[in-house]
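What follows is a single structure, written as structure tokens, with notes after it.
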Amino acid sequence: MTLDKENSINNILEENRIFPPSKVFSNNSNIKSIEELISLKNQALNDPIQFWEYYANSEIEWFEPFQTVLDSQNAPFFKWFKEGKLNITFNCLDRHVKNGLGKKTALIWEGEPGDKIKYTYEELLKNVCKAANGLKSIGVKKGDLVCIYMPMIPEAMFAMLACARIGAPHSVVFGGFSSEALKDRLIDGNAKFVITADGGFRKDKIIELKNAVDLAIESGANKVVEKVIIVQRTKKNIPIKVNRDLWWHELLKDQKDFCEPEIMDSEDRLFILYTSGSTGKPKGVVHTTGGYNLWSHLTFKWIFDIKNDDIYWCTADVGWITGHSYIVYGPLSNGATTLMYEGVPRPSNLGAFWEIIEKHRVSIFYTAPTAIRSFMKSGPEIPAAYDLDSLRLLGTVGEPINPEAWMWYKDIIGKNKCPIVDTWWQTETGGVMISPIPGAVSTKPGSATYPLPGIEIEVVDKNGEKVKENEGGYLIVKKPWPGMMRTIHGNSARYLESYWEYISFKGEKNVYFAGDGARIDEDGYIWIMGRVDDVISVSGHRLGTMEIESALVSHKNVSEAAVVGKKDDLKGEVIVAFVSLEKDINSSLELEEELKKHVVNEIGIIAKPEKIIITDSLPKTRSGKIMRRILRSLAAGEKINGDISTLEDSSVLEKLKGSS
Ligand code: WT7
């Protein structure tokens, strides 16, 4: 791993405003004061095992009790709640029906064209069971990986829960990924089954998901995929491959509406979710049943201060971890009403989100800083046209939020009465790790504030020494937690390398390195400063530079490529690619466009480079390592700071300055 962003983590930003939670909010909240929160934290600190045992027993229903809370024998391959037996769908569905919540709305859904539907807990359970029985009927067994490549429709939720019901881990692939990216994930996970749709609606267009599945299978995934199940969404004509393709509605038509939940071991896999890293192909992050159930449940309850009559809406896609933990599992495990929306704000409806909040009386709204920045850009008159009075709590996730966006969110959307929870976490952490508890913690615009109870965070230097107050360093987690990833699918060496071996703290090896830079201020508030590795965050979407470089060099005209992130007011970062071409190939605008398109085909629209800079050669050290630090400065139009003595050929710099 290369960590050459030291410069960027020492850019200290001054922000002194502080906002205590209002009395009204605190008095009605689940954790009412900082004292109460500190007492919880101390309990966890003094006896973590007892702390987790208490919550695992009081918040989750087990078919058979666990015997060991935490097994560290083979650390960092930690095991939680050993021998415990459960099924997460029982906790998300059956127990609420059993406890009299059967008639409560579990899911409110709205499609981009405006079609709507609601499901009570009873109805959701029935739909999940039908789907589970359908999957069983075509031979899906416990342990088989099922890939879900779908638009944001209720069936995506049914499909995830149906898999969990029968013990088949799911691997949800975001619908914005290309057929190539889908193919890699199908093969890596050895997914025999794919659940998809004939298409989905996005920004007034149709995304052709089934078409991408066909391409992925034709171009190599035929080695693994046996059956494709298709939900009818757009009703457009699509080719059907006999013996391989099945319609969801036909498969489910005669299925029984109850399916016994499979008895799962606490450490049985619940899902794999691919995410980008510094090196190589995206990695399949593995989460297991017991620990993930507890962590997604508990964090949802703590952070969103959930009440029985809340209407909760998270705008993420189920293709990301946010969708897994905070659209599906966390809210449902808590018996909450969760809203799912297929669309996004678009030129034909810039107020789409506010319209949904007004119409469905949303009380808790969770979105991304990049979305907030784009709302700011389109102006306050758009949200002002809607009644947003139902809102009582706002959240953000995915990237650092700049104080201006935070203030705008608070004033314009929250009308100054809603606390904001800025939640820091990752695909790997399963659930939120750092966030204000809204009734207890005073917030500072741009800070995720404190770690949650049971989570021990530190900011250290390369040698694992704690840095001084307000000094930038690497963010580490010192103790294991229930929702943590268990490994990388098929690559435990990479699990160790990426997260556990980079930093040792006080000689203690098992500390988790998150890949982010941070600082802790004089009040103990944590300020996340962004990735310190070769991961770029475009609109909060995580992309590996190497992944994009591999995509570029797979083009026949490209000999070498180096990709860096460039700061962007709206998207956080955008992708700039420096590319050198094969001999006798001339640069042209057409070629630049073609290369952009090529990356979109290889990965997906989210990876489209903003700019391609064609150059004869790239700045390298004498040992041949590309000096990205220099490229980052060039892309940003900044002066080249720092040591360039290791540069092999300094004339490269002059040429690059001319071309960028
Ligand atoms: C990376 C993880 C967790 C769900 C969405 C992204 C960045 C996430 C924050 C925040 C600053 C944040 C980090 C992290 N990040 N939340 N509140 N403040 N940065 O999940 O794709 O696994 O990305 O997103 O850099 O490492 P992910």
Side-chain angles (χ1 to χ4, degrees), residues 1 3 5 8-9 13 172-174 176-177 272-278 282-285 287 295-296 299-300 303 314-327 329-330 366-373 394-403 405-406 409 420-436 443-452 457 459 472 474-477 483-485 488 498-499 512-519 525-544 547 565 571-573 606-607:
M1 186 186 313
L3 296 174
K5 288 195 189 162
S8 62
I9 62 175
L13 144 152
V172 184
V173 176
F174 172 56
F177 279 121
I272 296 178
L273 185 60
Y274 286 85
T275 191
S276 298
S278 314
K283 40 200 181 188
V285 169
H287 283 287
W295 196 230
S296 54
T299 50
F300 181 80
I303 296 162
C314 164
T315 66
D317 190 286
V318 290
W320 309 111
I321 191 70
T322 313
H324 284 57
S325 302
Y326 301 113
I327 294 177
Y329 293 112
Y366 189 33
T367 195
T370 189
I372 299 167
R373 289 193 295 265
L394 304 173
T396 83
V397 61
E399 50 180 323
I401 178 162
N402 47 312
W406 195 98
Y409 198 28
I420 296 182
V421 288
D422 173 359
T423 61
W424 177 88
W425 59 297
Q426 311 178 293
T427 307
E428 293 89 338
T429 67
V432 174
M433 304 289 279
I434 308 177
S435 165
T443 48
K444 300 188 187 186
S447 168
T449 76
Y450 302 129
L452 295 180
I457 299 276
V459 176
Y474 304 122
L475 183 75
I476 58 165
V477 188
M484 66 196 298
M485 74 187 291
I488 289 175
S498 308
Y499 305 101
Y512 172 87
F513 171 51
D516 279 303
R519 71 177 167 100
Y525 279 57
I526 301 169
W527 299 77
I528 308 291
M529 297 158 97
R531 300 291 304 196
V532 289
D533 53 6
D534 289 323
V535 168
I536 302 181
S537 167
V538 182
S539 299
H541 297 140
R542 184 169 154 184
L543 293 155
E547 212 183 326
K571 298 182 174 172
E573 279 184 296
I606 55 173

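Read the numbers this way: they start at 1 and go in the same order the structure lists the ligands and their atoms.
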Completion exercise
In ligand 1, the atoms that come under 4.0 Å of a heavy atom of I528 are 11 (C), 19 (N)
Problem - Proximal ligand 1 atoms for T322, defined as those under 4.0 Å from one of its heavy atoms - result: 4 (C), 5 (C)
Problem - Pair R542 + E428, salt bridge at N-O below 4.0 Å - result: yes
Practice task
Hey, can you tell me if W320 and H541 have their rings parallel, tilted or perpendicular (30° and 60° cut-offs)?
Solution key: parallel
Problem - OH on Y512 to OG1 on T429, rounded to 0.5 Å - result: 6.5 Å
Practice task
Provide the number and element of each atom of ligand 1 under 4.0 Å from a heavy atom of T423.
Solution key: 9 (C), 10 (C), 16 (N), 17 (N)
Practice task
Could you tell me if any non-hydrogen atom of G530 lies under 4.0 Å from any atom of ligand 1?
Solution key: no
Problem - From CA spacing to verdict: side-chain contact (heavy atoms from CB on, under 4.5 Å), V459, Y474 - result: CA-CA 5 Å; V459 176; Y474 304 122; 6.0 Å; no
Handout entry: Part of E399 within contact of ligand 1 (heavy atoms, under 4.0 Å)
Key = backbone
Problem - Ligand-residue contact atoms, ligand 1 with W425, heavy atoms, under 4.0 Å - result: 2 (C), 3 (C), 4 (C), 8 (C), 14 (C), 16 (N)
Problem - Pair T443-Y525, side-chain donor/acceptor within less than 3.5 Å - result: no
Handout entry: Nitrogen or oxygen atoms of T396 and ligand 1 under 3.5 Å apart
Key = no
Handout entry: Contact atoms of ligand 1, heavy-atom distance to R542 under 4.0 Å
Key = 2 (C), 21 (O), 22 (O), 23 (O), 27 (P)
Exercise for the section: Output the list of atoms in ligand 1 that are nearer than 4.0 Å to some heavy atom of I321, sorted by atom number. Expected result: 4 (C)
